[in-house]
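For the single chain, residues carry numbers from 1 onward in sequence order. Whatever order the structure lists them in is the order used to number ligands and atoms, beginning at 1.
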Amino acid sequence: MNRKSRILKVMMPLASVFLMTLMSCSQEIPTDLAKANLIPRPVSVSATGESFTVKQNTGIYVMDDNPEVAEAAAFLSALLKPLTGYGIEVKKGSGEVPAGNIVLSVEDGLDTGKEGYILDISKKQVSVKAETPAGLFYAVQTIRQLLPAAVESSSPANGPVKIATGVINDRPVYGYRGSMLDVSRHFFSVEDVKRYVDFLAAYKMNVLHLHLSDDQGWRIEIKSWPSLALHGGSKEVGGGEGGYYTQEQYTDIVNYAAARHITVIPEIDMPGHTNAALASYAELNKNKKATELYTGTEVGFSSLDTRSELTYKFIDDVIRELAAITPGEYLHIGGDESHSTKKDDYIYFMNRVQDIVSAYGKKVLAWDEIALATVKPGTIAQVWASVENANLAVGQGAKVLMSPAKKAYLDMQYHKDTPLGLHWAGYIEVDTAYIWDPATYIPGIDQEDIVGVEAPLWSETVTNIDEVEFMVFPRLPGYAEIGWTPAALRNWDEYKLRLAAHGERFSAAGIDYYASEKVPWPATK
Ligand code: IFG
């Protein structure tokens with residue numbers, strides 16, 4: 001062997017060792033936790049510049065017997081398993097937990113409130129602390145966003161999974177961070193509603209308001225009035241076959257949401273928006289004639305007979321059955337656009353129906369027109385169109401839920417060429433949806449008057465889950481951040497960069513999002 005080949009024989013292995021070392025070193029270059037694209041933006045993040053690596057024997061220790069803590073751990077394990085290919089076992093811990101593991105514990109006195117958490121990531125351990133299981137669940141959603149986008153398609157990461165080290169101390173500003181899905185204009189399957197719940201959970205939202213009845217469809221089984229669902233639920237806008245949830249299916253949705261710390265608030269809209277009920281029972285109509293089922297998109301033409309005792313028997317039966325299958329403390333009684341109800345009749349009706357709801361141990365949510373009546377103790381007015389009603393409600397000592405149509409209606413077109421949606425409240429591009437502060441939106445209505453934010457998706461023009469995704473993304477994460485993150489930490493020019501980084505996560509989750517030109521999406525999109 002000549003001299004040259006002898007040198008090569010020695011040098012080659014050394015070169016490959018050097019190259020491997022370089023590569024492994026390059027993977028050792030610490031990632032910066034402060035540069036993570038988290039939405040909602042956490043209250044405080046301090047990076048320490050190293051990485052925790054998930055390894056073959058990494059487990060998740062729960063230091064508490066509370067089954068909800070184990071559920072949060074199981075949720076994280078289900079995210080990590082396909083990503084790493086490891087077992088990621090959930091174990092009951094006590095005392096010292098060996099290095100290289102993830103630890104979830106519920107503790108008092110953390111000053112993180114009911115939904116906050118402290119996420120302390122070091123090379124040796126990921127420690128998640130919260131005062132409640134909800135806080136742990138939200139910490140898990142933060143960890144989820146520290147993992148590669150592949151986690152959203154349950155597919156393997158390309159290489160070791162590393163989590164940047166540092167401490168995140170986080171808690172929401174508002175306790176009510178929600179979205180509404182109108183399943184009345186167009187009906188959506190249980191599976192679609194569960195997917196909608198998944199969207200909310202990923203962004204730490206905690207309320208799903210289901211608009212279950214309107215002129216075009218009654219979507220929940222009421223056993224004492226069976227025709228409501230059977231007949232009133234048989235069509236939808238455009239004349240399609242509609243549908244409804246049996247009480248068992250509704251309970252399935254409620255439980256699925258609850259496992260993700262999301263409360264379902266059902267809405268029975270009345271006295272207006274009631275044609276589906278009036279078409280189902282002749283006796284509910286003043287002239288004792290059932291109306292025709294309606295498949296158009298006009299509003300304001302229907303009204304229950306507010307002076308008939310049968311109407312209140314009907315409502316009592318509906319509220320009783322709905323309250324019995326709704327663990328959440330609120331029922332929504334609608335009250336919007338009652339253009340066919342005289343004002344005095346409306347006031348009488350809304351006052352009486354609030355009493356029926358509280359008789360079944362529930363509190364009332366209603367659209368802001370309720371402020372024209374007596375807003376009873378505990379009732380929340382959902383602000384959608386009228387600053388005057390909002391001030392009337394707060395003037396009566398009520399709290400408000402902010403859903404201003406001009407900012408928060410997800411059925412508004414992004415711009416004039418958007419193929420879906422309406423624009424009566426204006427066009428809502430992604431920046432318009434983000435650049436507002438509920439606490440200063442209406443002069444005289446301050447943060448302490450506001451329970452939170454909700455983004456409604458009305459479905460006159462939205463017919464399936466793909467169209468839902470197009471209208472909801474990329475605006476929904478912005479509403480989640482408005483509900484969670486202090487206004488002082490929010491600004492569009494910084495947020496849009498984080499949102500851009502979520503584009504690959506939407507794609508990995510199979511979300512057909514609108515690639516707005518307002519957002520600097522990475523070249524791949
Ligand atoms: N207003 C109606 C909705 C729906 C909406 C569409 C409320 C409270 C217009 N009421 O918004 O039923 O038709 O953008």
Side-chain angles (χ1 to χ4, degrees), residues 178-188 207 209-219 232 236-238 265-278 294-304 330-341 346 350 353 364-373 375 379-390 392-393 400-416 418-428 432-433 453-463 467-468 470-472 475 479:
S179 181
M180 183 206 83
L181 183 58
D182 171 8
V183 297
S184 180
R185 275 47 181 274
H186 281 94
F187 180 64
F188 293 92
V207 175
H209 166 183
L210 278 179
H211 186 74
L212 289 169
S213 70
D214 210 299
D215 291 319
Q216 298 87 346
W218 184 283
R219 304 298 181 205
E236 61 181 13
V237 167
I265 297 183
E267 178 185 351
I268 299 299
D269 201 348
M270 48 188 158
H273 288 274
T274 43
N275 182 71
L278 296 167
Y294 178 66
T295 60
T297 57
E298 293 303 314
V299 298
F301 59 85
S302 57
S303 176
L304 289 174
Y330 284 93
L331 298 185
H332 200 303
I333 63 172
D336 62 308
E337 298 179 321
S338 299
H339 304 325
S340 302
T341 312
Y346 177 84
M350 293 304 273
V353 173
V364 171
L365 238 178
W367 299 106
D368 62 42
E369 290 93 326
I370 190 161
L372 303 171
V375 186
T379 292
I380 294 172
Q382 184 165 6
V383 177
W384 68 283
S386 164
V387 169
E388 191 185 351
N389 289 346
L392 273 176
V400 295
L401 171 65
M402 294 300 284
S403 300
K406 290 185 173 67
K407 297 290 184 184
Y409 269 29
L410 284 163
D411 65 318
M412 290 302 117
Q413 290 166 275
Y414 290 97
H415 49 68
K416 67 179 177 47
T418 304
L420 302 170
L422 307 171
H423 56 268
W424 64 267
Y427 297 110
I428 303 182
T432 304
V453 177
E454 181 185 289
L457 175 65
W458 299 103
S459 62
E460 280 95 336
T461 66
V462 180
T463 69
E467 294 180 352
V468 165
F470 183 80
M471 298 305 276
V472 167
R475 291 181 288 195
Y479 298 118

Side-chain donor or acceptor of Asp368 paired with backbone N/O of Ser386 under 3.5 Å: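 Checking the backbone N and O of Ser386 against the side chain of Asp368, a donor-acceptor pair under 3.5 Å is found.
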Can you check whether Asp182's main-chain N or O pairs, donor with acceptor, with Ser459's side chain at less than 3.5 Å?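 It does hold such a pair.
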Say you draw a straight line from [atom1] of [X] to [atom2] of [Y]; how long is it, rounded to the nearest 0.5 Å?
X: Leu457; Y: Leu181; atom1: CG; atom2: CG; result: 6.0 Å
X: Leu401; Y: Trp384; atom1: CG; atom2: CH2; result: 14.0 Å
X: Asp215; Y: His273; atom1: CG; atom2: NE2; result: 6.0 Å

Shell of residues surrounding ligand 1, defined by a 4.0 angstrom heavy-atom cut-off that is strict: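 Correct list: Arg185, His273, Val299, Asp336, Glu337, Trp367, Trp384, Tyr409, Asp411, Met412, Leu422, Trp424, Trp458, Glu460.
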Ring center gap for His211 and Trp367 short of 6.0 angstrom: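 His211 vs Trp367: aromatic centres not under 6.0 Å.
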